[in-house]
Structures are given as C-alpha cells and as structure tokens.
Amino acid sequence: MLDIKINQQQIEMLQTDLLKWFEKAKRDLPFRQTRNPYYIWISEIMAQQTQIDTLIPYYNRFIATFPTVFSLAQASVDEVIKTWEGLGYYSRARNLHQAAQIIVSDYEGNMPETFAKLLKLPGIGPYTGGAIASIAFNEKVSAVDGNVLRVISRYGNSFDDIGDAKTKKRMTAFIEGILPDAAGDFNEALMELGAVICTPQSPKCLICPIRSGCQSHAAGTTEQLPVKKKKTKQLTKKMEVGIVKQNSCLFFVRRPDSGLLSGLWSFPITETVAGHGQDIKKKLAENFHELNEPIFIGTNRHVFSHIVWEMSIYGFDLDNAIREPVSTSHLVSNQAHTRTDYQFKALSEIDDLALPVAFSKLLDQLTNF
DNA sequence: AAGGCGTGGTA
DNA sequence: TTACCAAGCCT
C-alpha cells in the first residue's frame with residue numbers, strides 16, 4: 001500500500017525541484033512549441049504506448065496533412081488511417097477521426113476545455129484527458145501514465161503492482177494531493193523525469209532532481225521497482241499469405257471491420273491448416289476461378305503485441321495460368337458496401353493503400369516473383 | 001478484470 | 001533469440 005509520509009514543506013520542495021529541473025532540462029519537442037489544443041490532442045493520442053522519438057515524424061506529417069480539426073473531420077477515414085500508417089494501434093486514428101467530427105458538430109470546432117468533457121470523446125481516457133486539460137487549459141488535474149507510475153512507485157518505495165487499477169487509483173490520488181497550480185508543467189515534468197532520468201532500467205539517480213526525497217533510492221530498491229505483473233506469452237500462429245499477380249499488379253484485400261488491423265489493406269492471408277499453400281489457395285478460390293499451384297516464395301515473422309504470425313508466402317501468377325487467364329471481372333465485389341474491398345495495384349500505386357508493416361515488409365521478398 | 005490492440009528499440 | 005518496454009483505451 002502506497003503510504004508516503006510527506007509534509008507541506010516537503011511537497012513544496014518536490015514541486016520546486018521538479019519544475020526547476022524541467023524548465024532547464026526539457027527536450028525541445030515540436031508539440032511543446034504550441035498551446036493549440038488541437039495539436040496537443042494529436043500529440044497525446046500518438047504518445048499512447050509510443051515513445052516520443054518514434055512519433056515525432058508522424059506528428060509533423062499529421063498536422064501538415066490535417067492542420068485543423070475541420071480538415072480532420074472532413075477527411076475520409078481511409079485518408080486518416082493512411083497518414084497513421086506504420087504507427088500502430090490504428091483504432092487511435094479511427095477514434096481521432098470520430099472525435100474530430102464530434103468536436104465540429106457539438107463544439108463548433110473548439111476543443112472541449114475540461115477534463116470531464118474531454119473524457120467523453122472516443123480515444124480519450126484518464127491519462128489523455130488529464131494531459132490535454134492540464135497542458136492546454138491549465139486545469140488542475142493529474143495525468144498519470146506509465147512514467148508517472150514508475151516515478152511514484154520509486155519515490156514512495158511502493159511494491160504495489162502498477163498494472164492493478166487500485167494501485168493506479170492510489171497513485172493518482174497522491175499526485176492530485178501534491179499538484180501545484182502549474183499542473184500541466186508538473187505533469188510533464190513527472191513524465192519527462194520518467195523518460196530520461198527515472199528510466200525502467202538503470203535509473204540515473206545520481207543526477208535526479210528529487211533524489212533526496214526518494215524512498216526507493218534510500219532503500220536501494222530502484223532496480224526492483226516498479227512491480228508489474230508479467231504479460232502472458234504471445235500466441236504463435238502459422239499463416240499462409242497469397243501473392244496474386246496479374247499484369248504486373250498485385251492483389252490486395254481489405255481486412256474486416258473489427259479485430260487486428262481492422263479496415264487496413266493486406267495480402268490475402270489465412271491460418272495454416274493443410275499447409276504447402278493449399279490453405280491460401282482454397283481461400284483465394286472465393287475470388288478467382290482458376291489458380292495454378294502455389295509457388296513458394298519465402299517465410300516471414302511478424303510480432304504484434306499479443307500474437308506472432310509465422311507467415312509462409314506463396315505466389316499465384318495469373319499471367320502464367322495453365323488455363324485461360326482470369327481477368328479482374330472475376331473478382332467478387334461486396335455490393336453491400338460502397339467502399340472497395342479488393343484491388344489490384346501496380347507497384348507504383350501500392351503507396352495509395354494503408355498497408356500495415358506486417359505486409360509492407362513482405363514487398364522486399366517479392367523481387368523475384 | 002483481463003485481454004485485444006502495432007511497432008520499434010534495447011539488453 | 002527471447003523478453004521487456006513505450007506519454008493507454010476500450011470492452
């Protein structure tokens with residue numbers, strides 16, 4: 001149970017030390033050069049489960065493509081996903097798009113200015129709501145992310161599992177109790193400290209601005225903290241991928257509306273049962289009447305957060321079909337939807353599609369096919 | 001409550 | 001190679 005004994009004077013020293021350090025040491029990040037709530041919002045959504053260094057080029061590209069909430073709301077969801085391509089957790093982009101439409105329709109295009117209202121928007125939870133409210137609107141509310149949980153675990157020498165909701169509640173309450181008026185800066189300072197000083201491995205206690213009050217440093221337990229329950233191991237799935245070629249074009253399918261990589265484009269893919277390319281050949285029979293035997297191209301492995309795909313890649317060259325060449329008119333198109341679910345694309349056109357890394361990385365293996 | 005949901009970096 | 005981790009949210 002987190003139980004930090006800290007008096008008013010110590011609280012003020014902690015605030016002062018942290019804020020002073022942050023003012024001096026904070027990294028120069030693109031979204032720290034603005035107070036525009038729209039830009040803050042985009043950056044905070046991108047920051048979810050994503051390291052800052054990774055998201056910076058995406059952030060710059062995103063706000064260049066969608067400079068205002070109106071431009072985002074008016075874009076198609078496919079355009080938004082395409083701009084998000086490669087960043088992962090694509091529901092973030094869908095929620096961003098949906099929330100932009102709500103902000104335009106319900107708030108005249110102005111970002112809602114309170115934690116309570118922000119929390120109602122899709123994709124904004126306790127952390128992101130607190131971050132936007134405190135950083136963009138000076139609301140005195142906490143923003144507790146993984147960095148903050150780690151910093152507080154160590155500061156109070158807490159061995160509570162930070163994956164437990166109760167622990168997060170307690171630590172949030174502690175933060176709320178020591179929040180200064182400059183809540184946005186204080187929240188950012190805690191996160192910055194976690195990102196560059198109070199790191200998961202080998203924390204740099206020697207140069208930590210709040211070392212003097214840190215109970216974990218005093219107890220020598222920093223390497224054991226924070227306590228976090230281990231994740232269950234990823235399930236490995238054997239998959240067969242079908243590369244269908246005709247007239248130098250490759251065949252792509254849109255993934256289902258729900259689940260992994262939903263709505264994004266992919267090569268036809270199916271879980272391996274019989275093997276040797278027969279599973280994907282059977283699946284492709286939904287789209288093509290005549291197919292040659294699969295040509296083995298190679299293997300590839302892709303690791304998601306909770307699944308591993310071990311992919312065997314098979315080619316089907318329609319130009320070299322033994323029987324009559326099959327034209328695109330044989331494609332089964334889904335008449336119920338106005339959007340397209342199947343497409344042949346020339347190599348130069350593939351960039352039009354939002355293609356997850358799991359598939360875009362396969363393109364390198366197709367040079368001899 | 002616990003698991004689904006991406007990707008890239010590091011030890 | 002394996003394992004862990006990153007400015008979480010949704011169901």
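Numbered from 1 within each chain, the chains take letters A, B, ... in sequence-line order.
In this structure, A:G259 reaches the sugar-phosphate backbone alone: every heavy-atom distance under 4.0 Å involves primed, P, OP1 or OP2 atoms, never a base. Within 4.0 Å of A:R32, counting heavy atoms only, lies at least one base atom of the nucleic acid. Residue contacts for A:I45: at a heavy-atom cut-off of 4.0 Å it reaches no nucleic acid atom on any strand shown. Contacts of A:G86 with the nucleic acid, taken as non-hydrogen atoms under 4.0 Å apart, involve only primed sugar atoms and P, OP1 or OP2. Using a 4.0 Å heavy-atom cutoff across all strands shown, A:L149 reaches no nucleic acid atom at all. In this structure, A:L87 reaches the bases: a heavy-atom distance under 4.0 Å links it to at least one base atom across the strands shown. Counting non-hydrogen atoms under 4.0 angstrom, A:V148 reaches nothing in the nucleic acid.
Listed nucleotides: C:dG8, B:dC5, C:dA7. Nearest to the side chain of A:T128: C:dG8. Here the nucleotide nearest the side chain of A:P200, chosen from C:dA7, B:dG6, C:dA6, is C:dA6. Nearest to the side-chain atoms of A:K228 among the listed nucleotides C:dC5, C:dC9, B:dC5 stands C:dC5. Candidate nucleotides C:dT2, C:dC5, C:dA7 were compared by shortest atom distance to the side chain of A:K231, and C:dC5 ranks first. Considering only the side chain of A:Y127, C:dA7 comes nearest among B:dG8, C:dA7, B:dG6. Taking every side-chain heavy atom of A:F304 into account, B:dG6 is the closest of C:dA7, C:dT2, B:dG6. Ranking B:dG8, B:dC5, C:dC10 by closeness to the A:Q51 side chain, first place goes to B:dG8. If you check C:dC10, B:dG6, C:dG8 against the side chain of A:N95, the one that comes closest is C:dC10. Minimum atom distance to the side chain of A:D145 is reached by C:dA7, of the listed C:dC5, C:dA7, B:dA2. Side-chain proximity of A:R150 to B:dT7, C:dT2, C:dA6: nearest is C:dA6.
A distance of about 24 Å separates the P atoms of B:dG8 and C:dC10, rounded to the whole Å. As rounded to the nearest Å, C:dA7 and B:dG4 have P atoms that lie 23 Å from one another. C:dT11 and B:dA1 are spaced 11 Å apart, taking the C1' atom of each and rounding to whole Å.
There is no side-chain donor-acceptor pair under 3.5 Å between A:T270 and A:D279. A side-chain donor-acceptor contact under 3.5 Å links A:D28 and A:Q33.
For A:Y89, no side-chain nitrogen or oxygen approaches OP1 or OP2 of C:dC10 to under 4.0 Å. One finds a side-chain N or O of A:Q49 lying less than 4.0 angstrom from the OP1 or OP2 phosphate oxygen of C:dG8.
Side-chain N/O atoms of A:R92 and base N/O atoms of C:dA7 include no donor-acceptor pair closer than 3.5 Å.
For the pair A:D53 CG and C:dA7 C1', the interatomic distance rounds to 12 Å; values are reported in whole Å. Nucleotide C:dA3 holds its C1' atom 10 Å from the NZ atom of A:K233, rounded to whole Å. The interatomic distance linking A:K237 (NZ) with B:dG6 (C1') rounds to 15 Å, in whole Å.
Of the inter-residue distances, the one linking A:Q246 atom CD with A:F316 atom CZ reads 14.5 Å to the nearest 0.5 angstrom.
For the residue pair A:F267 and A:F251, the shortest heavy atom distance occurs at CD2-O, 3.7 Å. Between A:F115 and A:P126, the closest heavy-atom pair is CE1-O, 3.5 Å.
Where A:Q48 and A:K229 meet DNA chain C, the nucleotide closest to each residue was compared, and A:K229 sits on the side nearer the 5' end. Comparing A:A165 and A:H306 along DNA chain B, the residue whose closest nucleotide (by nearest heavy atom) sits nearer the 5' end is A:A165. Where A:Y58 and A:S258 meet DNA chain B, the nucleotide closest to each residue was compared, and A:S258 sits on the side nearer the 5' end.
Between A:F252 and A:Y342, the distance from one ring center to the other does not fall under 6.0 angstrom.
Here A:D351 pairs with A:K82 in a salt bridge; the nearest charged N to carboxylate O distance falls below 4.0 Å.
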